[in-house]
Amino acid sequence: MYELKHLRQNFDQIREQLGPRGADVPWDDLRKVIAERQEVSPKLDGLRHELKKGSEQVARLKRDKQPADQVVAEMKALGDRIKELEETVRVAEERLSELALRIPNLPHATVPAGRTPEDNPELRRWGTTDPLSFPAKPHWEIGEALRILDFERAAKIAGARFAVMSGLGAQLERALVNFMLDLHGTQHGYREVLPPFMVNAGAMTGTGQLPKFEEDLFVLRDDPYYLIPTAEVPVTNLHREEILDEAMLPIRYASYTACFRREAGSYGKDTRGLIRQHQFNKVELVTFTKPEQSADELERLTGHAEAVLQALKLPYRVVALCTGDLGFAAAKTYDLEVWLPAQGVYREISSCSNFEAFQARRASIRFKRAGGKKDAKTEFVHTLNGSGLAVGRTVVAILENYQQVDGSVVVPEVLRPYMGGIGRIVDEGKIKK
RNA sequence: GGAGGGGUGCUAGAGUGGACGAAUAGGCCGGUCUUGAAAACCGGAGUCCUGGCAACGGGACCGUGGGUUCGAAUCCCACCCCCUCCGCCA
């Protein structure tokens with residue numbers, strides 16, 4: 001209902017501001033269904049009012065031992081009429097939300113105009129990208145040679161786009177998760193959350209994955225659950241259908257989860273290595289703020305993700321997504337791209353977004369101001385999230401940036417306490433190639 | 001998976017098919033009293049849709065969805081969730 005009201009009151013403005021982003025939306029159908037609902041709904045309320053009065057009259061008559069047959073007959077007819085109208089309204093509202101849930105978010109005013117990723121402006125760079133003193137190898141070659149990454153056996157037990165990590169590779173992954181959670185928890189003030197890795201359709205709708213992107217999700221065959229594509233889904237939906245106290249805001253969560261993505265439509269892209277997997281680990285930052293805080297919060301959250309890269313001494317740059325590259329639910333997004341020397345490119349390792357009230361409206365996440373007037377309405381919170389960071393891609397960056405001429409990989413200093421003091425990954429030689 | 005018991009407001013917890021948007025208690029907010037507080041007393045409070053500048057109206061909401069009825073928190077059906085016991089299990 002929130003969606004419907006918002007849409008009805010801002011219909012033309014939304015349509016106009018969306019511009020090409022709203023190209024898929026059947027605006028005329030929408031307008032028609034909204035009008036229909038607006039026409040029938042008050043009628044229905046009126047009839048219900050009559051029915052209520054009539055029924056009260058029946059009660060009074062019976063109490064006074066008076067005949068009520070005539071009123072009962074009238075009310076029966078009225079009841080039938082009401083049932084018809086209820087069906088009409090139900091169908092209209094169903095159709096309405098079906099259409100309305102496919103409308104993307106409006107870009108924030110500060111989002112740069114553009115059509116493709118090439119139009120994304122670079123905001124800043126950190127670290128140096130001097131070439132190595134020897135030819136840089138891609139991470140899959142490094143990992144397979146060290147026997148910490150095994151794509152062949154992963155294909156045997158699962159399929160394409162899966163990896164097995166073992167030995168110090170598995171330890172590196174685990175060290176990164178712990179390091180990131182500790183950093184965000186202790187230094188940055190986030191509360192750690194470990195949610196279910198499967199959710200229901202309601203949660204997926206709340207954050208915007210459904211109904212439009214069902215083909216990107218893994219679905220269970222016999223139970224009504226989806227595997228989460230990101231911790232954003234379970235963690236944002238933690239407060240679905242809640243009215244929060246103003247004093248609770250901002251709420252900041254850091255959450256490790258595995259993430260599952262079908263990657264339908266990306267055949268042939270990044271087929272080698274760990275870049276694009278069906279399952280990967282990620283530490284996600286999710287925050288809820290008051291509307292006036294969300295712009296600052298996005299900068300802050302992005303900084304927290306950057307802090308991980310800086311601590312690991314991995315070179316990166318920050319780009320702002322242009323209007324054409326912005327995701328469905330986001331109002332504004334910064335991507336963090338880490339330097340990969342083998343390909344000589346920056347690759348996305350974190351995406352930090354402000355969704356403003358888009359998800360809050362869908363998931364009904366509201367708050368009430370404390371000092372407000374008596375009749376103050378509830379307001380929608382703003383939701384944000386960002387990877388802090390994608391763990392598999394961080395392993396990629398470490399393998400490639402910390403590789404040595406002898407094929408070993410130096411462990412970044414901040415991770416050593418998490419790896420029993422080990423400073424270098426070498427081939428342990430225990431597993432047959 | 002089997003058997004039984006439950007889901008009511010911020011919480012606990014009542015609720016014979018009609019006076020129930022819902023008793024009562026606690027908590028919360030405002031006030032009186034007090035140097036201040038506590039206690040006591042008085043008062044106030046839900047969410048959503050909708051009409052109206054407003055005052056103030058109308059409607060919906062007792063896990064969810066159907067059904068019976070003039071009328072459902074209350075009766076019937078299905079589903080979901082929670083608790084207890086049994087089975088299975090990391």
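Just so we're on the same page: letters track the sequence lines, and every chain starts at 1.
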**Q** Please test A:Tyr253 against A:His239 for ring-ring contact (aromatic ring centres under 6.0 Å, His included), starting from the C-alpha separation and ending with a verdict.
**A** CA-CA 12 Å; A:Tyr253 294 123; A:His239 295 297; 5.8 Å; yes
**Q** Run the side-chain hydrogen bond (donor to acceptor under 3.5 Å, both in side chains) check on A:Glu241 and A:Ser364 step by step: do they pass?
**A** CA-CA 5 Å; A:Glu241 277 151 49; A:Ser364 184; over 6 Å; no
**Q** To the closest 0.5 Å, what do you measure between CG (A:Asn237) and CZ (A:Arg362)?
**A**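 Interatomic distance, A:Asn237 CG to A:Arg362 CZ, rounded to 0.5 Å: 10.5 Å.
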**Q** Could you tell me the separation between the CZ atom of A:Arg366 and the P atom of B:rG46, rounded to a whole number of Å?
**A** 14 Å
**Q** Counting side-chain heavy atoms from CB outward, which of B:rG58, B:rU47, B:rU50 is closest to A:Lys5?
**A** B:rU50
**Q** Closest approach of A:Arg347 and A:Ile275, non-hydrogen atoms and distance?
**A** NH2-CG2, 3.4 Å
**Q** Taking the same atom, C1', in B:rC62 and in B:rU47, what whole-Å distance lies between them?
**A** 13 Å
**Q** Mind checking the P distance from B:rA72 to B:rG67? Whole angstroms is fine.
**A**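 It comes out at 12 Å once rounded to the nearest Å.
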**Q** For A:Pro42 and for A:Glu50, find the nucleotide of RNA chain B with the closest heavy atom, then tell me which residue's nucleotide is more 5'.
**A**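 Its nearest nucleotide lies further toward 5', so the answer is A:Pro42.
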**Q** Mind checking the P distance from B:rA23 to B:rG46? Whole angstroms is fine.
**A** 13 Å
**Q** Determine, stepwise, if the pair A:Lys53 / A:Glu50 fulfils salt bridge (Lys or Arg N to Asp or Glu O under 4.0 Å).
**A** CA-CA 5 Å; A:Lys53 293 292 166 223; A:Glu50 270 184 59; over 6 Å; no
**Q** Would you say that A:Tyr226 contacts A:Gln209 through its side chain, given a criterion of any heavy-atom pair below 4.5 Å between the two side chains?
**A**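 Side-chain contact under 4.5 Å: no.
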**Q** Between A:Tyr225 and A:Arg48, which has a closest nucleotide on RNA chain B that is more 5'?
**A** A:Arg48
**Q** If you measure from the Lys or Arg side-chain nitrogens to the Asp or Glu carboxylate oxygens, is any gap between A:Asp427 and A:Arg147 under 4.0 Å?
**A** yes
**Q** What's the closest nucleotide to the side chain of A:Thr378 if the choices are B:rG46, B:rC48, B:rG58?
**A**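 Taking heavy atoms from C-beta onward, the closest nucleotide is B:rC48.
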**Q** Is a donor-acceptor contact shorter than 3.5 angstrom present between the side chain of A:Asp45 and the base of B:rG58?
**A**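 Side chain to base: pair found, below 3.5 Å.
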**Q** Can you measure A:Leu44 atom CG to B:rU50 atom C1' for me and round it to whole angstrom units?
**A** 11 Å
**Q** Return the value, rounded to whole Å, for the distance between atom CZ of A:Arg369 and atom P of B:rC29.
**A** 20 Å
**Q** Could you give me the CA-CA distance, side-chain angles and deciding distance for A:Lys332 and A:Ser353, then say whether side-chain hydrogen bond (donor to acceptor under 3.5 Å, both in side chains) is met?
**A** CA-CA 6 Å; A:Lys332 183 172 185 173; A:Ser353 301; over 6 Å; no
**Q** Kindly say if A:His49 contacts the phosphate of B:rG58, meaning a side-chain N or O under 4.0 Å from OP1 or OP2.
**A** no
**Q** Using 4.0 Å as the upper bound for N to carboxylate O, is an ion pair formed by A:Lys368 and A:Glu246?
**A** no
**Q** Assign a letter to each nucleotide of nucleotides 64-78 of chain B from its 5' end: B, base within under 4.0 Å of a protein heavy atom; S, sugar-phosphate only; -, no contact.
**A** --S-S-BS-------
**Q** My validator wants the stems of RNA chain B: runs of 3 or more consecutive Watson-Crick or G-U pairs, both distances under 3.5 Å, written as range with range.
**A** B:1-7 with B:80-86, B:10-12 with B:24-26, B:28-32 with B:40-44, B:46-51 with B:56-61, B:63-67 with B:75-79
**Q** Should we count CD of A:Gln17 as having more than 12 external heavy atoms under 6.0 Å?
**A**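 Counting other residues, nucleotides and ligands, CD of A:Gln17 exceeds 12 neighbours.
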**Q** Pick the P atom in B:rU16 and in B:rC70, then give their distance to the nearest Å.
**A**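 One P to the other, the span is 23 Å.
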**Q** When rounded to the nearest Å, what value does the distance between C1' atoms of B:rG66 and B:rC80 take?
**A** 14 Å
**Q** Separation of A:Lys53 atom NZ from B:rG59 atom C1', in whole Å?
**A**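 For the pair A:Lys53 NZ and B:rG59 C1', the rounded distance is 12 Å.
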**Q** Measure from CG on A:Leu47 to P on B:rA60 and round the result to the nearest Å.
**A**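 These atoms are roughly 12 Å apart.
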**Q** Between P on B:rU47 and CG on A:Asp245, what's the gap in Å once rounded to a whole number?
**A** 13 Å
**Q** Determine, for A:Asp150 against A:Arg153, whether the closest basic-nitrogen to carboxylate-oxygen distance falls under 4.0 angstrom.
**A** yes
**Q** Round to the nearest Å and state the distance from A:Arg8 atom CZ to B:rG51 atom C1'.
**A** 11 Å
**Q** In whole Å, measure the gap between the P atoms of B:rA54 and B:rA37 for me.
**A**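 That atom pair is separated by 38 Å.
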**Q** Under 3.5 Å, is there a donor-acceptor pair linking the side chains of A:Arg252 and A:Thr287?
**A**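 There is no such pair between these side chains.
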**Q** Distance check needed: B:rC28 C1' versus A:Lys368 NZ, whole Å only.
**A**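 Rounding to the nearest Å, NZ of A:Lys368 and C1' of B:rC28 are 13 Å apart.
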**Q** Taking only N and O in the side chain of A:Arg37, is any of them less than 4.0 Å away from OP1 or OP2 of B:rC49?
**A** no
**Q** Cut-off 3.5 Å, side chains only: do A:Tyr256 and A:Asn281 have a donor facing an acceptor?
**A**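 Result is yes, a qualifying pair exists.
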**Q** Any residue in residues 63-70 of chain A with a heavy atom nearer than 4.0 angstrom to RNA chain B? Just list them by number, or reply none.
**A** A:Arg63
**Q** When the C1' atoms of B:rG44 and B:rU50 are compared, how many Å lie between them, rounded to an integer?
**A** 26 Å
**Q** Would you measure the distance from the P atom in B:rA22 across to the matching atom in B:rG57 and give it in whole Å?
**A** 14 Å
